[in-house]
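What follows is a single structure, written as structure tokens, with notes after it.
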Amino acid sequence: MLDPRVLRNDPEAVARQLARRGFVFDADAYRDLDTRRKTLQTRAEELQAERNQRSKSIGKAKAAGEDIEPLKAAVAGLGEQLEAAKAELEAVQAEQDAVREGLPNLPDPAMPEGHDEADNVVLREVGDRPHLDFEIKDHVAIGEHLAGLDGAAGAKITGARFTVLSGAVARLHRALITYMIDAHVDVGYTELNVPYIVNADSLYGTGQLPKFGDDLFRLTEPADYYLIPTAEVPVTNMVRDEIVAPERLPLRYVAHTPCFRAEAGAAGRDVRGMIRQHQFEKVELINIAHPDESDACHEAMVARAEAVLAGLGLAYRVVDLCGGDIGFAAARTYDLEVWLPSQNTYREISSISNTRDFQARRMGARYRDPESGKPRLLHTLNGSGVAAGRALVAVLENYQQADGTVRVPDVLVPYMGGLEVIAAPG
RNA sequence: GGAGAGGUGGCCGAGUGGUCGAAGGCGCUCCCCUGCUAAGGGAGUAAGGGGUUUAUAGCCUCUUCGAGGGUUCGAAUCCCUCCCUCUCCGCCA
């Protein structure tokens with residue numbers, strides 16, 4: 001949610017900034033709407049003030065033992081007028097709220113210009129790509145050869161875009177997750193285990209609702225809940241309606257969760273393998289920060305995700321998302337893309353965003369400013385550190401060997417019970 | 001699922017339909033006193049929206065006592081529905 005004050009005082013500036021991300025905001029229409037709102041609100045509040053005053057004097061008269069019937073008669077018509085004025089006001093406010101809830105975050109001035117992902121800016125490429133002087137297999141072929149990846153089973157059990165992992169490959173997936181959590185906890189992150197089912201208020205807070213409900217799996221029985229599309233939702237909502245003591249900032253959380261996404265609109269994209277699933281797992285980093293610190297936190301979070309990829313010995317690049325590719329709630333987003341030999345390209349494995357006060361305003365997440373003593377909005381940041389399913393894909397492909405086996409990255413060997421090479425069973 | 005108790009400010013906790021945004025306490029801030037510390041005395045201290053304004057200062061105003069409805073001139077207080085917490089029972093990984 002954008003600052004209503006900024007929106008009111010300078011909607012044209014908002015429109016200009018949102019245009020950088022390809023969003024059309026009709027500043028004139030908003031201005032007109034706000035003018036109507038102001039008129040109606042003033043009227044309604046005047047009536048309310050009058051009624052409050054009269055009711056108060058009735059109370060005093062009654063306490064003094066006076067006859068209050070004439071006073072009551074004088075208020076007779078007020079109630080209906082007030083009712084009508086309130087109804088009108090609420091209608092306009094609802095209209096205005098709907099507009100505001102649909103507005104994406106203002107981009108950082110430094111965000112690159114551009115219309116789609118082709119315009120993203122590559123900041124750096126890190127690590128050596130593997131030298132595979134044999135016929136490169138993709139992770140599906142590797143996984144099937146190792147009897148560790150079974151898309152048909154997933155399809156039978158549930159449907160398209162679900163997969164069963166088994167044996168050493170399943171363990172590798174688990175090893176990746178544990179390795180990543182440990183790495184973040186080692187530098188001061190607090191590990192959280194959170195609900196995978198959330199209510200609509202939480203999804204509103206992080207910005208998935210009301211606009212992006214189609215991307216979510218919704219539960220209607222026995223309660224109206226949703227499966228989380230990312231740990232960002234439950235973890236960030238920890239501070240919803242809270243006033244955090246400033247000395248606790250920044251809050252740094254790491255949580256491993258499954259993520260459930262309907263993938264509406266992704267028909268035909270990445271249909272093979274584990275790149276795009278309805279259910280995948282992720283190790284998520286969340287920072288809840290003082291506004292002055294959030295940019296530094298953002299950089300530090302990117303460094304965390306990079307450390308994971310570097311630790312795994314994977315080649316990756318860091319990309320600064322342009323206006324056409326950045327998400328609804330983000331002011332600035334860096335993506336980490338990992339090298340996939342089978343696709344001969346980099347694919348997203350982590351996305352790290354600073355939403356500044358956009359989510360905090362929606363969810364009433366604040367800290368108490370020591371100088372003024374007043375609550376101020378926090379900044380919230382989220383980023384994958386990193387996506388486990390895609391990390392598994394990356395390890396299988398980058399560590400494949402000519403004989404069809406897969407070498408276990410050194411840092412994962414302890415998590416694999418000492419296993420150094422994954423070979424086909426039996 | 002059954003029976004009962006309860007949800008009030010940063011926290012705890014009072015509150016008979018009217019002068020209650022709400023006693024008291026804790027915490028916090030400022031001041032005083034005490035030659036350090038501890039203790040003591042005084043004052044202040046909820047949040048959000050709107051208007052005015054250069055202003056996140058002041059002033060005016062509205063809203064908020066779990067959520068949503070209702071009764072009433074007037075609701076923290078009365079009525080209805082829902083949510084949550086706690087205790088006991090039942091069920092259960």
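Since we're looking at a predicted model, the values are computed, not measured. In what follows, chains are A, B, ... by sequence order, proteins preceding strands, each numbered from 1.
Of the nucleotides present, none pairs with B/U53 by Watson-Crick or G-U wobble criteria with both distances under 3.5 Å. Nucleotide B/U85 has B/A5 as its partner under the Watson-Crick or G-U criteria, with both atom distances under 3.5 Å. Using the Watson-Crick or G-U wobble rule with both distances under 3.5 Å, B/G35 pairs with nothing in any strand shown. Under the Watson-Crick and G-U wobble criteria, each requiring two contacts below 3.5 Å, nucleotide B/A76 is left unpaired. B/C65 is unpaired under the criterion used here, namely a Watson-Crick or G-U wobble arrangement in which both key atom distances are under 3.5 Å. Summarising the base pairing, B/C92 is matched to no nucleotide, lacking a Watson-Crick or G-U wobble pair whose two defining distances lie under 3.5 Å. With both pairing distances under 3.5 Å, B/C28 is matched to B/G44 as a Watson-Crick or G-U wobble pair.
Distance, A/Asp369 CG to B/A47 P: 12 Å, rounded to whole Å. Regarding A/Gln93, its CD atom lies at a distance of 11 Å from the P atom of B/G51, rounded to whole Å. Here B/G49 presents its P atom at 14 Å from CD of A/Gln96, a figure rounded to the nearest Å. To the nearest angstrom, C1' of B/G48 lies 18 Å from CE of A/Met363.
Applying the 6.0 Å contact sphere to CG of A/Asp186 captures more than 12 heavy atoms from other residues, nucleotides or ligands. Applying the 6.0 Å contact sphere to NZ of A/Lys156 captures no more than 12 heavy atoms from other residues, nucleotides or ligands.
At the heavy-atom level, A/Arg361 lies nowhere under 4.0 Å from the strands shown.
Between the CG atom in A/Leu412 and the OH atom in A/Tyr179 there is a gap of 7.0 Å [rounded to 0.5 Å].
No hydrogens or angles considered: a donor-acceptor pair under 3.5 Å links the side chains of A/Lys282 and A/Thr230. Neither side chain, A/Tyr316 nor A/Asp335, offers a donor N or O lying under 3.5 Å from an acceptor on the other. A donor and an acceptor atom, one from each side chain of A/Tyr334 and A/Glu299, are located under 3.5 Å apart. Residues A/Glu101 and A/Tyr204 have side chains that bring a donor and an acceptor to within less than 3.5 angstrom of each other. The closest side-chain donor-acceptor pair between A/His298 and A/Arg332, if any, does not fall under 3.5 angstrom. There is no side-chain donor-acceptor pair under 3.5 Å between A/Glu263 and A/His278. Checking A/Asn354 against A/Asp295 by side-chain atom types alone, a donor-acceptor pair falls below 3.5 Å.
Spacing between B/C91 and B/G1 at atom C1', rounded to whole Å, works out to 8 Å.
Considering only side-chain N and O atoms, A/Lys374 lies nowhere under 4.0 angstrom from the phosphate OP1 or OP2 of B/U45.
When each of A/Tyr225 and A/Pro375 is assigned the nucleotide of RNA chain B with its nearest heavy atom, A/Pro375 is the one assigned upstream, toward the 5' end.
The residue from A/Thr380, A/Thr236, A/Asn382 that alone fulfils the side chain to side chain donor-acceptor pair (under 3.5 Å) condition with A/Thr355 is A/Thr380.
A heavy-atom distance below 4.0 Å to RNA chain B is reached by these residues of residues 3-13 of chain A, ordered by number: A/Arg5, A/Arg8.
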Extract from the structure each pairing of a protein N or O with an N or O of nucleotides 8-13 of chain B at less than 3.5 Å, listing the distance.
none

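Geometrically, A/Arg252 engages A/Tyr189 in a cation-pi contact, judged by NZ or CZ lying under 6.0 Å from the ring centre and within 45° of the ring axis.
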* Structure fact -> With B for base contact, S for sugar-phosphate-only contact and - for none (protein heavy atoms under 4.0 Å), nucleotides 57-76 of chain B reads ----SSS---------BS--
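Out of B/G51, B/A47, B/U56, the shortest distance to the side chain of A/Arg376 is found at B/U56.
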